[in-house]
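One structure below.
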Amino acid sequence: MTETLFDWFGITQSSTNYDNFKIAFWSGLLSTLLISILVGLFLLWLENKVGKKLMQSQHAKETIVFKGKVTTLLRLPPATVASIRAEEWLPSNYLELIKLISDSPIHIWKSEGKKDFQGLLQRCEKISNKYEDLLVSSKTLNLILHDELAKNASYSIHNAEPILGLINNFKEYTEEFKKGPSHKMPLPVIQMYEKFTKTNSNKELVTNYQQARQTLLIEIESLKKELFDSM
């Protein structure tokens with residue numbers, strides 16, 4: 001095969017020519033291979049860089065849409081719907097905000113390092129963490145309160161809603177409570193509330209829940225102020 005190659009290129013066959021040919025052949029092959037590798041690495045780097053920029057652009061668009069949704073929710077008038085569960089005693093638009101935050105890839109958007117949105121995203125993460133704290137205290141409160149209602153079935157209180165209304169200091173409940181027994185605030189509810197909040201362990205439970213709820217509300221109000229002040 002070597003002789004054929006020498007014939008093709010018109011090279012006089014000698015040991016010196018043969019050695020020079022081998023050196024030139026392998027040098028060319030290695031150079032071509034190295035160039036191919038370098039070109040391949042460059043194309044891979046370019047593809048990753050372009051892909052990252054496209055991803056960052058997509059995340060920026062998603063964050064803008066997210067900010068718009070957050071702003072819209074916080075513009076709604078807060079209205080709380082009475083519930084038998086402690087963690088649901090929040091304005092409905094706040095509950096929607098918490099769900100929106102939970103469903104959004106906040107940690108991914110934060111990693112992109114967009115300075116315009118870092119404050120918003122960090123505040124949303126805090127809200128998510130504070131809501132988790134509320135869930136912990138609410139779970140215990142729900143468990144103990146519903147257990148107490150089950151044990152005291154003779155009070156004929158159908159659910160925990162009025163007790164939670166008093167625990168959360170909602171005006172429509174506290175005003176009726178101050179007036180004394182009525183159709184809106186039956187005597188069994190008053191008695192059950194006083195009995196439940198009488199023990200030290202339950203007092204601590206209620207206090208922990210109230211503090212967790214208040215801390216969450218303050219965090220949401222801070223986000224609201226931060227957003228609207230920047231407009």
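Quick caveat, the model's predicted, so the values are computed rather than measured.
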- Query: Can you check side-chain contact (heavy atoms from CB on, under 4.5 Å) on S83 and E161, steps first, answer last?
  - Reply: CA-CA 5 Å; S83 173; E161 177 198 317; over 6 Å; no

- Audit row: N168, Y209, side-chain hydrogen bond (donor to acceptor under 3.5 Å, both in side chains) steps and yes/no: CA-CA 9 Å; N168 283 294; Y209 162 75; 2.9 Å; yes

- After noting the C-alpha distance and the side-chain angles of I163 and T197, does the key distance pass the side-chain contact (heavy atoms from CB on, under 4.5 Å) rule? CA-CA 10 Å; I163 308 296; T197 55; over 6 Å; no

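Taking the side chain as every heavy atom from C-beta outward, W89 and I167 never approach each other to under 4.5 Å. Y173 places none of its side-chain heavy atoms less than 4.5 Å from the side chain of K178. The side-chain heavy atoms of D133 and T215, taken from C-beta on, include no pair separated by under 4.5 Å.
With sequence neighbours excluded, no residue forms a side chain to side chain donor-acceptor pair (under 3.5 Å) with N200. Applying the side-chain contact (heavy atoms from CB on, under 4.5 Å) test to K69 and every residue at least two apart in sequence or in another chain returns V65, L100. Applying the salt bridge (charged side-chain N to carboxylate O under 4.0 Å, His left out) criterion to K198, with sequence neighbours excluded, gives no partner residue. E88 meets the salt bridge (charged side-chain N to carboxylate O under 4.0 Å, His left out) test with no other residue; sequence neighbours excluded. Partners of K99 under the side chain to side chain donor-acceptor pair (under 3.5 Å) rule, at least two apart in sequence or in another chain, are D103. Considering only residues two or more places apart in sequence or on other chains, L217 meets the side-chain contact (heavy atoms from CB on, under 4.5 Å) condition with L90, P91, Y94, R213, Q214. Taking Q211 as the reference, T207, N208 meet the side-chain contact (heavy atoms from CB on, under 4.5 Å) condition, with sequence neighbours excluded. Legend: residues meeting side chain to side chain donor-acceptor pair (under 3.5 Å) with N202, ordered by chain and number and at least two apart, are T199. For E132, the side-chain contact (heavy atoms from CB on, under 4.5 Å) partners two or more places apart in sequence, or in a different chain, are L135. Looking at residues two or more places apart in sequence or on another chain, you find a salt bridge (charged side-chain N to carboxylate O under 4.0 Å, His left out) between R123 and E219, E226. With sequence neighbours excluded, the residues satisfying salt bridge (charged side-chain N to carboxylate O under 4.0 Å, His left out) with E87 are R85.
Annotation for K130: atom NZ does not count as buried by contact number, only 12 or fewer foreign heavy atoms lying within 6.0 Å.
A continuous path of Ile, Leu, Val, Met, Phe, Trp and Tyr side chains, each step under 4.5 Å between heavy atoms, connects L76 with L95, placing both in one hydrophobic cluster. When hydrophobic clusters are built by joining Ile, Leu, Val, Met, Phe, Trp and Tyr residues whose side-chain heavy atoms come closer than 4.5 Å, directly or via intermediates, L97 is grouped together with I64.
The salt bridge (Lys or Arg N to Asp or Glu O under 4.0 Å) contacts involving residues 162-173 comprise K171-E175, where partners must be two or more places apart or lie in separate chains.
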